[in-house]
S.K.: 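Starting off with a structure, shown below.
On a predicted model such as this, the values are computed, not experimentally measured, just so you know.
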Amino acid sequence: MKRRLLLTGGLGTVGQLLQAELRRDYHLRITDRTAPPSGSPSGSVFAEDELLVGDLLDPAFARACVRRSDVVIHLAANASPTASATEARGNVVMAENVFKAAAEYKVERLVIASSVHANGLEYRDGSQGISPLNTSRPCCPYGAGKVAIEALAREHHEAVGGAVSCLRLGLTGWPLTEQQYAQTWLSAADLLRLVQAALDRPPGFGIYNAVSLDSATRWDTSNALSDLGWQPQDRWQVDVDRLPPAAACPCQMFSVP
């Protein structure tokens, strides 16, 4: 019998990239705030999957989702770098509810979606080899919320142990169309390999930069190699020098200091 994997926010962009590969080894339990319309291209829930519709801001819903799960990948969030502080706090509350439920039901393996925006000011200031082990400098309320979620994840691991990985995802699931975002890009294949490595890791805690090979000059991924056995492999698929600049910058990460 396949183990049951809870994929929160599983109908979003990253969740849809993961579903097919995860379905090989796990029975998927997918959460979303609303059920997709019948025939919708975003409605990628298979007959063998469970779709759990509700809001993870509700602790009772979070408990019900986690209770019958063996593994959790937590993606659910307002993932916009333009999110307000209030919206970012909502992301933190959702994660807190998932951590509390995981502790209660002894779910020992968690993979948490964080973001490169957790250290966006280092990127803005031109730093090379930005380490996830250094003090975080978020560039927006969304990034600050991710730093808070990482702290909760660490506290959860200190309290109950298990295998807990926070992945600072770069630009994932979108084509490279503007120069500013090139050095944050994460390919779908590198994403899949990283998530699988996090699922297979020995007990421990870590925060890892998740970007592809050409972006790794700006972001240090060495602890993902030492802890998880993962390193980025994929190169940019376009000539970045020929891309136009972004028409607008969503946060300080991509602005000129």
Side-chain angles (χ1 to χ4, degrees), residues 1-84 86-99 101-102 105 107 109-115 117 142 145-146 149 167 169-177 185-196 198-199 210 250:
M1 182 178 294
K2 291 182 177 180
R3 289 182 295 168
R4 296 163 296 188
L5 186 148
L6 178 67
L7 185 64
T8 74
L11 298 184
T13 300
V14 174
Q16 291 190 67
L17 291 175
L18 295 175
Q19 282 188 29
E21 189 66 27
L22 292 173
R23 209 172 268 120
R24 298 173 188 271
D25 297 317
Y26 297 95
H27 169 72
L28 295 188
R29 310 184 72 230
I30 298 170
T31 78
D32 206 81
R33 284 182 173 175
T34 58
S38 178
S40 167
S42 65
S44 53
V45 180
F46 281 37
E48 64 266 32
D49 301 336
E50 292 179 67
L51 178 62
L52 308 169
V53 178
D55 194 336
L56 290 168
L57 289 171
D58 177 2
F61 178 67
R63 291 178 70 251
C65 292
V66 173
R67 182 171 60 87
R68 294 181 55 249
S69 302
D70 302 303
V71 181
V72 173
I73 299 178
H74 178 55
L75 306 176
N78 180 328
S80 172
T82 64
S84 68
T86 297
E87 291 167 327
R89 282 194 294 271
N91 292 343
V92 176
V93 172
M94 284 193 287
E96 181 184 26
N97 289 341
V98 169
F99 292 137
Y105 294 112
V107 177
R109 193 161 294 274
L110 294 91
V111 179
I112 310 300
S114 186
S115 171
H117 288 271
Y142 168 68
K146 290 300 188 181
I149 289 168
L167 311 182
L169 303 179
L171 179 69
T172 311
W174 301 95
L176 272 178
T177 59
W185 181 69
L186 175 67
S187 74
D190 276 338
L191 167 73
L192 290 168
R193 288 186 285 265
L194 176 56
V195 169
Q196 190 60 60
L199 290 172

S.K.: Quick one: closest heavy-atom pair of Phe99 and Ile112, and the distance?
M.R.: CE2-CD1, 3.7 Å
S.K.: How far does CG of Leu191 sit from CD of Glu21, to the nearest 0.5 angstrom?
M.R.: 10.5 Å
S.K.: NE2/His74 to SG/Cys65 distance, rounded to the nearest 0.5 angstrom?
M.R.: 11.0 Å
S.K.: Quick one: pull up CZ in Arg89 and CD in Glu96 and give me the separation to the nearest 0.5 Å.
M.R.: 13.5 Å
S.K.: When you compare the side chain of Pro36 with that of Leu11, does any pair of heavy atoms fall below 4.5 Å?
M.R.: yes
S.K.: Is Tyr26 close to Asp70 at the side-chain level, that is, under 4.5 Å between some pair of heavy atoms?
M.R.: no
S.K.: Does some side-chain heavy atom of Glu48 sit less than 4.5 Å from a side-chain heavy atom of Arg23?
M.R.: yes
S.K.: Taking Lys146 for the side chain and Ala113 for the main chain, is one N or O donor matched with an acceptor at less than 3.5 Å?
M.R.: yes
S.K.: Under a 3.5 Å distance rule, please check whether Thr172 uses its side chain to pair with a backbone N or O of Val14 as donor and acceptor.
M.R.: no
S.K.: Give a yes or no answer on whether the side chain of Thr31 reaches the backbone of Gly9 with a donor-acceptor pair at less than 3.5 Å.
M.R.: yes
S.K.: Side-chain contact, heavy-atom cut-off 4.5 Å: Leu22 with Ile73?
M.R.: yes
S.K.: If every non-hydrogen atom of Leu17 is compared with every non-hydrogen atom of Gly173, which pair is closest and at what distance?
M.R.: CD1-CA, 3.7 Å
S.K.: Can you name the closest pair of heavy atoms from His117 and Pro81 and give their distance?
M.R.: CE1-CB, 3.6 Å
S.K.: Test side chain to side chain contact (heavy atoms under 4.5 Å, CB included) on Leu6 and Leu52 and set out the steps.
M.R.: CA-CA 10 Å; Leu6 178 67; Leu52 308 169; 4.1 Å; yes
S.K.: Checking side chain to side chain contact (heavy atoms under 4.5 Å, CB included) for the pair Arg63/Tyr105: CA distance, chi angles, key distance, verdict?
M.R.: CA-CA 8 Å; Arg63 291 178 70 251; Tyr105 294 112; 2.9 Å; yes
S.K.: Would you call Asn97 and Leu56 a side-chain contact if the rule is heavy atoms closer than 4.5 Å?
M.R.: no
S.K.: Starting at CG of Leu167, measure out to OG of Ser114 and round the result to the nearest 0.5 Å.
M.R.: 8.5 Å
S.K.: To check you understand the geometry: which heavy-atom pair defines the closest contact between Leu110 and Ala102, and what is its length?
M.R.: CD2-CB, 4.0 Å
S.K.: Look up atom OH in Tyr142 and atom CG in Asn78, then write down how far apart they are to the nearest 0.5 Å.
M.R.: 8.5 Å
S.K.: Quick one: pull up CG in Asp32 and CD1 in Ile30 and give me the separation to the nearest 0.5 Å.
M.R.: 9.0 Å
S.K.: Quick one, Leu28 and Gln19 - any side-chain contact, counting heavy atoms below 4.5 Å?
M.R.: yes
S.K.: For Glu50, check salt bridge (Lys or Arg N to Asp or Glu O under 4.0 Å) against everything at least two apart and list the hits.
M.R.: Arg29, Arg68
S.K.: Do Leu18 and Leu75 come within less than 4.5 Å of each other through their side chains, counting heavy atoms only?
M.R.: yes
S.K.: Which residues pass the salt bridge (Lys or Arg N to Asp or Glu O under 4.0 Å) test with Arg67, sequence neighbours left out?
M.R.: none
S.K.: Would you please test Thr86 and Ser84 for side chain to side chain donor-acceptor pair (under 3.5 Å) and show each step?
M.R.: CA-CA 5 Å; Thr86 297; Ser84 68; 4.5 Å; no
S.K.: Taking all non-hydrogen atoms of both residues, which atom of Thr82 and which atom of Ser80 are closest, and how far apart?
M.R.: OG1-OG, 2.6 Å
S.K.: Residues two or more places apart in sequence or in another chain: which of them pass salt bridge (Lys or Arg N to Asp or Glu O under 4.0 Å) with Arg3?
M.R.: none
S.K.: Looking at side-chain heavy atoms only, is the closest gap between Asn91 and Met94 below 4.5 Å?
M.R.: yes
S.K.: Checking Val107 against Arg4 for the side chain to side chain contact (heavy atoms under 4.5 Å, CB included) test, could you report, in this order, the C-alpha distance in whole Å, the side-chain angles of both residues, the deciding distance, and whether it holds?
M.R.: CA-CA 11 Å; Val107 177; Arg4 296 163 296 188; over 6 Å; no
S.K.: Would you say Asp49's side chain and Phe46's backbone share a donor-acceptor pair under 3.5 angstrom?
M.R.: yes
S.K.: So, for Ala210 and Leu194, which heavy atoms are closest and what is the spacing to 0.1 Å?
M.R.: CB-CD2, 3.4 Å
